[in-house]
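Let me begin by presenting the structure, written as structure tokens, before commenting on it.
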Amino acid sequence: MEYIKRKIETIVSEYVKKEFGEDYPVRFLNPPKISMGDLTLSSAFEIGKKLRKNPREIAEKFKSVLEKLEEVEKIEIAGPGYINFFFKKEKYLEEIEKVLNYKRDTEAEEKIIVEHTNINPNKAAHIGHIRNAVLGDTLVRMLRATGKKVEVQNYIDDTGVQVADVVYGVLYIDRKSIDELKKIDKIDYYLWDLYVKVYEKDDEESKQKRREVHHKIERGENPEKEYAEFISTEVLKRHLQTTARLGIDYDVLPRESDIISLKFWESAFELMKEKGVIYFQTEGDNKGCWVMKVFEDGEEREKVIVKSNGAITYVGKDISYHLWKFGLFEKDFYYKKLDNRHYITTSSEKDADKNVSFGKGDRVYNVIDQRQSYLQNIVKKALKKMGFEKQSENLIHFSYEVVALSKKSAKEMGFNTDTDKSFVEVSGRRGVGVKADDLIDELEKRALKEVKERHPEFSSEKSESIAKMISSSALRYYMIKYTLNSMIVFDFEEALKFEGETGPYLQYSNVRMKSLFRKFEEEFGKKPEDEINPPYSFDSFEPKEREELWEAIIIGSRFDNELDTAIKNLEPSRLAKYGFYLCQKLNFIYNNFPVIKEKNQERRKITLFTLHFLYKQLNKVLDILGIEKPEAM
RNA sequence: GCGCCCGUAGCUCAACAGGAUAGAGCAUUGGAUUUCUAAUCCAAAUGUUGGGGGUUCGAGUCCCUCCGGGCGCGCCA
């Protein structure tokens, strides 16, 4: 119904300017009940507030102006001043293509970079990482659905202490050669356990040894460097297999080791000195460091960017990475193919693919959990201080709460639940967490059992393929249905559900429709689309039935509004909820209005229209949520 | 100590930018199919939105205060 809103907007802003001599934003609301109207305009409140007039009186003035709209059947002023529109139903149905093919105004060409997943390549991916990846991927799909150009980056911290710690473990605890590592089936699982072992013996001597390993990797000394490269690449490949199970891909994988060897930092350092953003501290706690002044909590504080031993801090690296993301210095990576879906950065020119280019974004979304807010803000401030105001503003921390384990689930897995808190924190170092692949395996197992029970006639290949789609949708929906601010206290019982507000429910609704349309074709010898033609008439329905069908159509018409709101508020859960709501309406109509058995052609046409329209809208939602659409389930 | 976030039905969560009678799922109880996939649908029941005060036509939402919980504030990454 966005096309009608645009029409109303034009009329309202013209009228308001003439009548009240000022511009007011035109805002729409959804009436809480369809009996109150199809759409609400709230302008009377805003104008009334400003002019200190009764909003109801102002609303009355709008009535005559807006009633002239050809789409409008009637207008009612309700409550304290809501302007409620009732559309001409038959006309609305005739123009449904305008709803289905709504095109947003094309904004100036803008390149968006979304960074997400960013799992340290030293152990298996766990449910916390999955929330990040699913949120990031959904954000990407949301943006692309509105026609935006989006590049997806997955940053690989292959030189950090985490990798060094497992290299230490391999070299000094398990004493394995690279050839031996190659024989391990799931290296990420092996390292999950090894990582825990490394921290079990956390004495001074091993700490010292670990630091040494880290420094050697940073300086490029072998065999440490070789091990680090091997491990991080192999674990990365495993992570990509895991995310691929959820339908998640990336355009480019920038590696920290390349940032270091291509000396990004040196350029960033020069730039920061030149712009006077950092300076050398000669006294106090930070003596010998390069620091940046940060204004926070009403006082100037210092943030160390280069340590007194000359090493760069984490923020320092992040600042240079972001200068690259926005294309703010001349430095660039080389790229090569990692597999047929992903490019990875490289520092050597000779194996580089010269035909691709990444970065140089206008807007950047970083999908990182809420604990990193402080540091993300430092990067933003650094950009601003360097004079890159616009880029600083366009750097958006897509922040969300973490995933923890419910005490019940943690106990079931044999973790220590002796804590004051009502949940158990996920910790890679202690090996506390649910591995993503384990969870997906379990979901697949359960889905397969269901499919086999329902369809014993299916080949095992077919059943398995369907089970995979179901498990992926269940996990994706579970991760997306919570608002970003809400901590997910992971519970097996909740996550393994296929009924109620779950991904499979949405999938199932879709399958039902497909099946219905298939049967319709068999029965009537034509496609549903061929039946759905004007003229339309609701005359053969009871008033109650008419309202039920019409409500479903109005709900279905809100897709574009929901998508826009989800993007504006950066809240993917909104779209998940909408998808669920859509399916509830769809299933209700399906259960209460027969199609194939319906003898009255007028009734059949309208019912089919409604279901087909909701089905098409649902398909858009499923694509954005990354939920696959099996033929049967 | 300072900053950010949260507190809503028995449980897990919604509530669009301050809007109309605070809604879903799960669990509970009862019901629907000789009929398009029952992973469905319908109905019943459950609320002082942590407490108190304020702002206004209107507050779960904004402000103040108190209580309870989470996270952050490194020359770690």
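All of these numbers come straight from a predicted model, not from anything done at the bench. Numbers restart at 1 for each chain; the letters A, B, ... are given by sequence-line order, proteins then strands.
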Can you find an N or O donor on one side and an acceptor on the other, under 3.5 Å apart, linking the side chain of [X] with the base of [N]?
X	N	value
A:Ser308	B:C75	yes
A:Asn84	B:A20	yes
A:Thr40	B:A20	yes
A:Lys577	B:G25	no
A:Arg574	B:A14	no

Discussion item. Between A:Glu302 and A:Lys597, which residue's closest nucleotide on RNA chain B lies nearer the 5′ terminus?
Written reply: A:Lys597
Practice prompt. Tell me which of A:Ala78 and A:Ser422 sits closer to the 5' end of RNA chain B, going by the nucleotide each one is nearest to.
Written response: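 Here A:Ala78 is the residue nearer the 5' end.
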Worksheet entry | Out of B:C36, B:A39, B:C57, whichever nucleotide has its closest atom nearest the side chain of A:Pro80 | B:C57
Residues [X], [Y]: salt bridge by 4.0 Å N-O rule:
X	Y	result
A:Glu531	A:Lys605	no
A:Asp165	A:Lys209	no
A:Arg446	A:Glu450	no

Less than 4.0 angstrom between a side-chain N/O of [X] and OP1 or OP2 of [N], yes or no?
X	N	result
A:Lys53	B:C57	no
A:Lys307	B:A77	yes
A:Tyr505	B:C41	yes
A:Asn485	B:C5	no
A:Asn569	B:A17	yes
A:Ser515	B:U37	yes
A:Arg512	B:U40	no
A:Lys421	B:C71	yes
A:Gln372	B:A77	no
A:Tyr374	B:G72	no

Whole-Å distance separating the [atom1] atom of [X] from the [atom2] atom of [N]:
X	N	atom1	atom2	value
A:Glu493	B:C11	CD	C1'	10 Å
A:Ile555	B:A24	CD1	P	11 Å
A:Leu496	B:A39	CG	P	18 Å
A:Tyr482	B:G25	OH	P	15 Å

Item to complete: Measure the distance between the ring centre of A:Tyr82 and the centre of the six-membered base ring of B:A20, then answer whether it is under 5.5 Å with planes under 30°.
Response: yes
Practice prompt. State which residues pass side-chain hydrogen bond (donor to acceptor under 3.5 Å, both in side chains) with A:Arg430; sequence neighbours excluded, sorted by chain then number.
Written response: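 So A:Arg430 forms no side-chain hydrogen bond (donor to acceptor under 3.5 Å, both in side chains) with any residue.
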Discussion item. Can a side-chain donor-acceptor contact be found between A:Asn118 and A:Glu115 if the only test is distance below 3.5 angstrom?
Written reply: yes
Worksheet item: Once the angle between the rings of A:Phe458 and A:His455 is folded into 0 to 90°, is it parallel (under 30°), tilted (30 to 60°) or perpendicular (over 60°)?
Response: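 Parallel: the ring planes of A:Phe458 and A:His455 meet at under 30°.
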Worksheet item: For A:Asn54, which contact category applies under a 4.0 Å heavy-atom criterion: base, sugar-phosphate, or nothing?
Response: nothing
